[in-house]
Structures are given as structure tokens and as C-alpha cells.
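What you see is a predicted model; the values in this text were computed from it and never measured.
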Amino acid sequence: MQRYFIETSIEDARISGEDARHIERVMRMKEGDKIVVVAQENAYICTITAFAGDEVVVQPTGEIIASPELPVLVTVACGLPKGDKLELITQKATELGMFALQPFEAERSIVKWDKKKGANKQERLQKIAKEAAEQAHRTVIPEVYEPIAFQQLVQQAPNFDVVFIADEEDAKADKRTSFAHKLQQIKAQQAKSILIIFGPEGGIARKEVEALLQVGAQPMSLGPRILRAETAPLYALSAISYEFE
């Protein structure tokens, strides 16, 4: 069944805009067909009861689908990467259970966020997250935030139970900091929110690492191989899913 998100309660469920057009014109659904409507982070099986102008009216059947969300809220912070890599990270990290994406302007970021086009870019990323959440049958659409300065990221770090830095220097060391071991520790501590920070293509600068360590962040490596900027977040989310689910 197709899945659609609404911003109201299920009692007031009406699907409008692009989603309504998709139901009627693309899927060619009719009254009596069933769809999944996600309202307030719950997924309900609903029956289409009417097409009212540019809205689709639905009625809950009373059946609720179990949530597939990760038991821990994972925010991914990425140093601005080149090209369309941020779109790839948004899509695939959403499929893997990411809760939010926070891009930031790292010292080694080659790309600079275009303020004039920023709103449209952010809107596109948010749409990608929505479509990926529907495809992955999630009950939460990850929030894609506007890029912030590195110092703002440092200031936000204490708001999370755990902060990890994907540090390629740690990965090169003879004795690496095992990510699996760290995940086992925070699971035992019943951590509820995790921030994982990844650098851009050139990696995270040493002074940035030091600034994050001073506010309680922990370094970790994702194995002995150096991963691309768009691969590392997906590896980390997969490891978290393995440990927590």
C-alpha cells in the first residue's frame, strides 16, 4: 500500500497537494481503495472515501502498523560535500533510519552554501527525505536543517546524550577505537540521542576535532579503510541499526 504523511491528527485526515494528485492521477486510485496514512508518527491503514476537489478524504480502518523507527534518535552532521552528495546522503540515510541531518561549513569544505539558492536547496533535500521515508515505510520524516557554522555545531553538541566524530586519523592508528564496542557501551547506558559528525572530502581538521573533544565528543573509526564522505554516514547508521535493532 502507498504511504502518505499528513500534518493533522488522523481524525482530521485529508490528503492534499502533490500527494492528492499522486493518488488520483498517478496511482489512479478510487473510493474504497486502501492506503497508509502517517499522522503524528503513527501509521494507519485507511480507506479512501471521497475525492473532494484537490483533496482526498480517508477513513481509518482501526488498524495501526507497527513503527519501524530506530530506538535511538540519530542526527547526522556532515561537512558540506561536493556535487549532489548531500542529496545521496539525505536519501540513503533516511532509508537507514536517520532522525535528522545537519550540514555544517567545515574548514575543509570546498563547497560553500549559496545563501540565495539555499532555501530552494533545503526544500529539495526535505522533499527527498519525505519521499525516502515513504519508500522505507517510516513514520518519521527526517528534518533536514539549514547548514550552520562549525562553531554552532560545537555549541549544539551538549544537547545530545552521545557525540561521535568519524576521525580518519583514528582509523589509521594501530589501535583503533572500536565503534562496535562504543555502541555496546551507549546501548547499556540507554542513550536516547546520538550526534555523529563527519567531515567533507578532505576530512575533519585537527583543530575541529580538538574543539569537539573539549565538549565531550568521542572519536571513533569505521574500520581500517578510509570511506568517502557520502559512504561513512551510511556505514555508521548500518552499524547502529545492527546493534540497537
Give the C-alpha distance, both sets of side-chain angles, the deciding distance and a yes or no for side-chain contact (heavy atoms from CB on, under 4.5 Å) between Tyr4 and His22.
-> CA-CA 10 Å; Tyr4 300 93; His22 183 267; 2.9 Å; yes
Run the side-chain contact (heavy atoms from CB on, under 4.5 Å) check on Leu183 and Ile240 step by step: do they pass?
-> CA-CA 7 Å; Leu183 290 179; Ile240 292 170; 3.9 Å; yes
Under the side-chain contact (heavy atoms from CB on, under 4.5 Å) criterion, do Arg14 and Ile6 qualify, and how do the steps go?
-> CA-CA 8 Å; Arg14 285 175 177 259; Ile6 61 173; over 6 Å; no
Verify side chain to side chain donor-acceptor pair (under 3.5 Å) between Ser241 and Glu245, making sure each step is shown before the conclusion.
-> CA-CA 5 Å; Ser241 174; Glu245 296 184 309; 2.6 Å; yes
Could you check Tyr235 against Phe179 for ring-ring contact (aromatic ring centres under 6.0 Å, His included), going step by step and ending with a plain yes or no?
-> CA-CA 11 Å; Tyr235 181 111; Phe179 189 39; 7.5 Å; no
Test side-chain contact (heavy atoms from CB on, under 4.5 Å) applied to Glu105 and Phe150, step by step | CA-CA 6 Å; Glu105 298 173 349; Phe150 174 75; over 6 Å; no
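Hydrophobic clustering keeps Met1 apart from Ile23 (ILVMFWY residues linked when any side-chain heavy atoms are closer than 4.5 Å, directly or through intermediates). Grouping the Ile, Leu, Val, Met, Phe, Trp and Tyr side chains by contacts below 4.5 angstrom, directly or via other members, places Leu125 with Leu96. Taken together through direct or relayed side-chain contacts under 4.5 Å among Ile, Leu, Val, Met, Phe, Trp and Tyr, Leu234 and Met98 form part of one hydrophobic cluster. Under a hydrophobic-cluster definition in which Ile, Leu, Val, Met, Phe, Trp and Tyr are linked whenever side-chain heavy atoms come within less than 4.5 Å, directly or via other members, Ile197 and Val215 are assigned to the same cluster. In terms of hydrophobic clustering, with Ile, Leu, Val, Met, Phe, Trp and Tyr side chains grouped at heavy-atom distances under 4.5 Å, Ile186 and Leu237 are assigned to a common cluster.
Heavy-atom minimum distance, Ile196 versus Ile194: CG1-CG2, 3.7 Å. Listed here is the closest heavy atom pair of Asp167 and Val209: OD2-CG1, 4.2 Å. For the pair Gln40 and Thr8, the tightest heavy-atom approach, listed with the atom from each and the gap, is CG-O, 4.3 Å. Contact between Ala106 and Gly79 at its shortest, heavy atoms only, is CB-CA, 4.1 Å. Residue Pro103 comes nearest to Leu80 through the heavy atom pair CB-CD2, 3.8 Å, listed as atom of the first residue, atom of the second, then distance. Here the closest heavy-atom approach between residue Ser193 and residue Asp161 is recorded as OG-N, 3.0 Å.
With values rounded to the nearest 0.5 angstrom, Glu131 atom CD is found 12.0 Å from Thr90 atom OG1. Atom-to-atom distance recorded for Tyr145:OH and Gln152:CD is 13.5 Å, nearest 0.5 angstrom. If you take CD1 on Ile15 and CD on Gln2, they are separated by 10.5 Å, rounding to the nearest 0.5 Å. Glu95 CD to Gln135 CD: the interatomic distance, rounded to the nearest 0.5 Å, is 5.0 Å. Between atom CD of residue Glu55 and atom CG of residue Asp19 there is a gap of 12.0 Å, rounded to the nearest 0.5 Å. Rounded to the nearest 0.5 Å, atoms NZ (Lys30) and CZ (Phe51) are 8.0 Å apart.
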Could you give the side-chain donor-acceptor pairs of residues 62-78 under 3.5 Å, partners two or more places apart or in another chain?
| residue | atom | partner | partner atom | Å |
| --- | --- | --- | --- | --- |
| Ser67 | OG | Glu69 | N | 3.2 |
| Ser67 | OG | Thr139 | OG1 | 3.4 |
| Glu69 | OE1 | Arg138 | NE | 3.2 |
| Glu69 | OE1 | Arg138 | NH2 | 2.6 |
| Glu69 | OE2 | Arg138 | NE | 3.2 |
| Glu69 | OE2 | Thr139 | N | 2.9 |
| Glu69 | OE2 | Thr139 | OG1 | 3.4 |
| Glu69 | OE2 | Val140 | N | 3.3 |

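Open room surrounds CZ on Arg228; 12 or fewer heavy atoms of other groups in view lie less than 6.0 Å from it. Other residues, nucleotides and ligands place more than 12 heavy atoms under 6.0 Å from the NZ atom of Lys187. Heavy atoms from other residues, nucleotides or ligands lying under 6.0 Å from CZ of Phe244 number more than 12. Heavy atoms of other residues, nucleotides or ligands lying less than 6.0 angstrom from CD of Gln185 number more than 12.
Annotation: side chain of Val36 is not in contact with side chain of Tyr44 (no heavy-atom distance under 4.5 Å). Phe104 has its side chain out of reach of Pro147: every pair of non-hydrogen atoms, C-beta onward, lies at least 4.5 Å apart. In this structure the side chain of Ile148 reaches within 4.5 angstrom of the side chain of Gln102, judged on heavy atoms. Residues Asp33 and Thr47 have side chains not in contact (no heavy-atom distance under 4.5 Å, counting atoms from C-beta outward). The closest side-chain heavy-atom distance from Val58 to Thr49 is not below 4.5 Å. Counting heavy atoms from C-beta on, the side chains of Asp54 and Glu24 never come closer than 4.5 Å. With a 4.5 Å cut-off on side-chain heavy atoms, Phe164 and Lys182 count as touching. Between Ile165 and Met220 there is no side-chain heavy-atom pair separated by less than 4.5 Å.
A salt bridge does not link Glu230 with Lys92: every distance from a Lys NZ or Arg NE/NH1/NH2 to an Asp or Glu carboxylate oxygen is 4.0 Å or more. Checked for salt-bridge contact, Arg3 and Glu134 miss the test: no charged N lies under 4.0 Å from a carboxylate O. Classification of Glu201 and Arg108 as a salt-bridged pair fails, no side-chain N sitting under 4.0 Å from a carboxylate O. One finds a salt bridge joining Glu107 and Lys207 here, because a Lys/Arg side-chain nitrogen approaches an Asp/Glu carboxylate oxygen to under 4.0 Å. Electrostatic pairing of Lys121 and Glu87 counts as a salt bridge here, judged by a charged N lying under 4.0 Å from a carboxylate O. Salt bridge status for Glu18 with Lys130: absent, with no side-chain N to carboxylate O gap under 4.0 Å.
Not a single donor-acceptor pair under 3.5 Å links the side chain of Gln214 to the backbone N or O of Ala211. With hydrogens and angles ignored, the 3.5 Å screen pairs no side-chain donor or acceptor of Gln189 with any backbone N or O of Gln184. In this structure, the side chain of Gln126 engages the main chain of Val144 through a donor-acceptor pair within 3.5 Å. Here the side chain of Gln91 pairs no donor or acceptor atom with the backbone of Ala129 at under 3.5 angstrom.
Here His137 pairs with nothing under the side chain to side chain donor-acceptor pair (under 3.5 Å) rule; sequence neighbours left out.
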